[in-house]
Each structure stands twice: as C-alpha cells, then as structure tokens.
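Read the numbers this way: they start at 1 and go in the same order the structure lists the ligands and their atoms. Quick caveat: nothing in here was measured; it's all calculated off a predicted structure.
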Amino acid sequence: MSSDLAATAKAMVAPGKGILAADESTGTANKRFVPLGIPQTEEMRRKYRDMLFTAPDFGKFFSGVILYDETIRQDGFAGKSFVKTLQDAGSFPGIKLDLGQVPLPLGNPEELVTEGLDGLAKRVDEYVKLGAKFAKWRATIKIDTANGLPSDASLIASAHGLARYAAICQAGGLVPIVEPEVLMDGGASQSLETSFAVHERTLRFVFDALSDLNVKFEEMILKPSMVIPGQKAPSASVDDVASSTLRVLLRWVPASVAGIAFLSGGQDDLAATAHLNKINILAKAHNAPWPLTFSYGRALQYAALHIWNGSDANVALAHKALHHRAHMNSLAALGQWSEASEKAPEMATV
Ligand code: 13P
C-alpha cells in the first residue's frame with residue numbers, strides 16, 4: 001500500500017534522477033553574484049533562475065527543484081510561472097521551509113539551531129496551494145573537537161527541529177527532505193574518522209527524533225553530507241570517502257527511507273560526482289536498500305553561474321554547462337560515471 005507522498009518520494013529518487021537545490025536565500029544568492037559583479041537585484045535573481053530552469057533535458061535529470069520563497073512566487077520569461085515551467089519540464093517544485101539559523105542559546109555560539117517551526121503548518125498549506133510537492137529543512141552540525149563540538153545539546157535541538165518539520169510536512173501534504181549537514185569547515189582535527197563518528201551521532205539523534213514523532217520513513221528523503229575530512233585536515237581517497245559514507249548510512253538509516261540525496265557541501269564539482277559514483281558502485285555490491293542520488297546546489301550550479309555571468313548572451317553556453325553536470329551526476333547516481341565520461345562528446349540536443 002503506497003500513499004501519494006510515498007509515490008512522490010519514490011519518484012524524486014527514480015533511477016538516474018536527482019534534485020537541483022536552487023533555494024539560496026536572497027542573501028546567499030546575492031553573495032554568489034558579488035564576486036562576478038552581477039547586480040544583486042530581484043530581476044537578476046529571476047533571470048538566473050530562469051536560465052537554470054529552461055536548460056534542455058531538464059526533467060530527464062532533475063526529478064525536482066528546491067525553490068526559495070521569492071522564486072516559487074515568480075514568473076519566468078516565457079509567460080508562465082516558474083512552478084508551471086518546472087511542471088511542464090516534468091520536475092516537481094519544492095520549497096525551502098527553514099528560516100535560517102541562530103546561535104543555540106546557553107552553549108558555544110558557534111553552534112547554530114534552525115528556525116521556522118512557528119506557524120509552519122500554515123506556510124505548508126500555502127506552498128501546497130502554490131504547487132509545491134516537497135520541502136527542505138537544513139540543520140548544520142559543526143565539528144570542533146577541541147571545544148567539545150558538536151554538543152549533545154545541539155544534536156538534540158537540531159534533530160528535534162528536523163522531526164517536527166518533517167511531521168508537519170507529512171500532515172500537510174509535502175514530502176520532507178530531512179537535511180542534517182555535518183559541515184566540512186572544521187579545523188585540522190576534522191579527520192575522516194572524526195567525520196564518521198560525528199555522522200554516526202548525528203544520524204542516531206535524527207532517526208530517534210523522527211521515529212519519536214511518528215514520521216513515516218517511506219514518505220521522506222534523507223539529505224546527508226558525505227563522510228569527508230575537514231578542508232584543513234589531510235584529504236581522503238574517493239574510495240575511503242565512499243566506503244565510510246555508505247557504512248555510516250547502512251548502520252543508521254532505516255531501510256524504509258524512500259531515498260538518500262546528498263548535498264555537495266562545498267566539494268568541487270568533480271569530487272562530488274566521483275564520490276556519488278563510487279558510493280553507488282559500493283551500494284550495489286552491498287545491496288543497499290535505498291536509491292542514492294544528488295541534491296546538489298553549488299556542485300551543479302557553479303560552472304553555469306560563472307559562464308552565465310549575468311548576461312543573456314551567455315544563456316546557451318550556461319545551459320550546456322548545467323546540462324553537462326546534470327548528466328554526469330545522473331551517471332554517478334547509477335554508478336556508471338567515469339573520468340572519461342567528462343570528456344565524451346554529447347549535447348546533441350543542446
Ligand atoms: P550544496 O550542494 O551547495 O551544499 O547545497 C545543497 C543544499 O541544499 C544546502 O542546503
């Protein structure tokens with residue numbers, strides 16, 4: 001017996017498909033424009049999102065797109081709303097529901113907790129009417145072993161917020177993407193082993209809270225970080241990242257979860273693709289119970305944003321760049337990517 005939400009969740013992680021995270025808040029979108037000299041206006045953000053959502057083969061690679069509040073209400077440049085643009089492309093519109101983060105009180109101010117639960121059921125109702133089919137809520141976990149981070153307090157608060165959000169979404173008719181992100185920006189002490197241990201604690205708290213609040217696992221998507229050393233720690237091989245990531249997920253994520261869609265978290269484009277590919281190769285060998293795919297923001301958008309650079313004249317080339325990364329990550333979600341695929345001739349349809 002499968003509910004509508006379970007069917008939507010399953011379609012979001014259909015073979016070879018992933019999710020485009022394009023839900024940067026106005027502040028974050030502007031921050032990405034600044035180094036390129038792109039004006040930080042609503043019109044330019046609209047043009048940028050229009051460029052992304054009109055790329056060729058969009059629905060072939062992207063089962064859904066996470067939108068920000070500004071974008072889900074906007075029209076594109078072809079005389080229809082962005083919601084309709086995505087629906088026509090065969091992609092589900094989704095919505096970022098968290099309202100950002102503030103320091104967790106009574107602790108280390110470096111640890112943040114996510115806001116947005118008050119009035120959330122009403123916001124869910126409104127977004128469902130606007131056409132959203134799924135949602136996202138991001139909690140961040142900071143590693144700083146010398147200072148005892150992450151604390152149990154921050155893991156409890158973040159897990160509780162994710163579970164409350166997920167339950168409200170399911171009651172209101174949206175598939176929740178549950179995103180506990182272990183940040184990569186810790187100091188030199190953030191080794192692969194430390195990252196693994198923190199992912200273990202995080203997933204244990206998150207799934208305890210989700211089950212305490214009766215969240216249905218088959219109606220949700222988990223959006224985790226990969227088990228990666230911090231940017232200042234010695235790097236790890238693709239094989240070690242992939243095997244550590246799969247091991248922690250097999251240990252802590254129930255088999256009934258509809259799917260797993262990773263964030264890229266600041267990895268460069270090729271690393272994010274190579275890791276996903278290897279994770280899928282190992283997952284197949286271990287008979288992992290869930291599909292594993294991408295829900296990248298930066299690792300999908302970076303090349304296209306830099307080529308577009310705010311100019312209508314660059315849209316066709318930017319489309320080519322987005323199509324390429326989407327195609328590469330689609331292959332990786334099937335465990336069929338190789339470095340040679342990056343160079344293979346394609347784009348016949350572009
Ligand atoms: P990145 O892939 O850039 O980490 O973004 C994904 C996301 O949705 C972060 O909340």
Exercise. Check each atom of ligand 1 against the heavy atoms of Ser264 and keep those under 4.0 Å away; list them by number with element.
Key: 1 (P), 2 (O), 3 (O), 4 (O)

Self-check item: Approximate separation, where rounding is to 0.5 Å, of Lys136 NZ and Tyr68 OH
Solution: 11.5 Å

Self-check item: Thr245 side chain to His275 side chain, donor-acceptor N/O pair below 3.5 angstrom
Solution: no

Self-check item: Heavy-atom closest pair, residues Glu70 and Gln74
Solution: O-CG, 3.2 Å

Self-check item: Per-atom contacts of ligand 1 with Ser295, taking only distances under 4.0 Å to non-hydrogen atoms
Solution: 6 (C)

Quiz item: Relative to ligand 1, is Arg138 under 4.0 angstrom through side chain, backbone, both or neither, heavy atoms considered?
Solution: side chain

Quiz item: Going by distance only, is there an N or O of Leu263 that falls short of 3.5 Å from an N or O of ligand 1?
Solution: no

Quiz item: Are His160 and Phe205 near enough that their ring centres are under 6.0 Å apart?
Solution: no

Quiz item: Looking at Lys223, which atoms of ligand 1 are within less than 4.0 Å of one of its heavy atoms?
Solution: 6 (C), 7 (C), 8 (O)

Quiz item: Does the side chain of Thr71 reach to within under 4.5 Å of the side chain of Phe53, using non-hydrogen atoms?
Solution: yes

Self-check item: Sub-4.5 Å side-chain heavy-atom contact between Leu300 and Asn329
Solution: yes

Quiz item: Which is closest to atom 10 (O) of ligand 1 by heavy-atom distance: Glu181, Lys136, Lys96?
Solution: Lys136

Quiz item: Any N or O of Tyr296 that comes nearer than 3.5 Å to an N or O of ligand 1?
Solution: no

Exercise. Pull out every atom of ligand 1 sitting under 4.0 Å from any heavy atom of Gly265, numbered as shown with elements.
Key: 1 (P), 2 (O), 4 (O)

Quiz prompt | Under-4.0 Å heavy-atom contact with ligand 1, by part of Ala21 that carries it | solution = side chain

Quiz prompt | Nearest-contact summary for atom 5 (O) of ligand 1 - protein heavy atom, Å | solution = Gly297 N, 3.5 Å

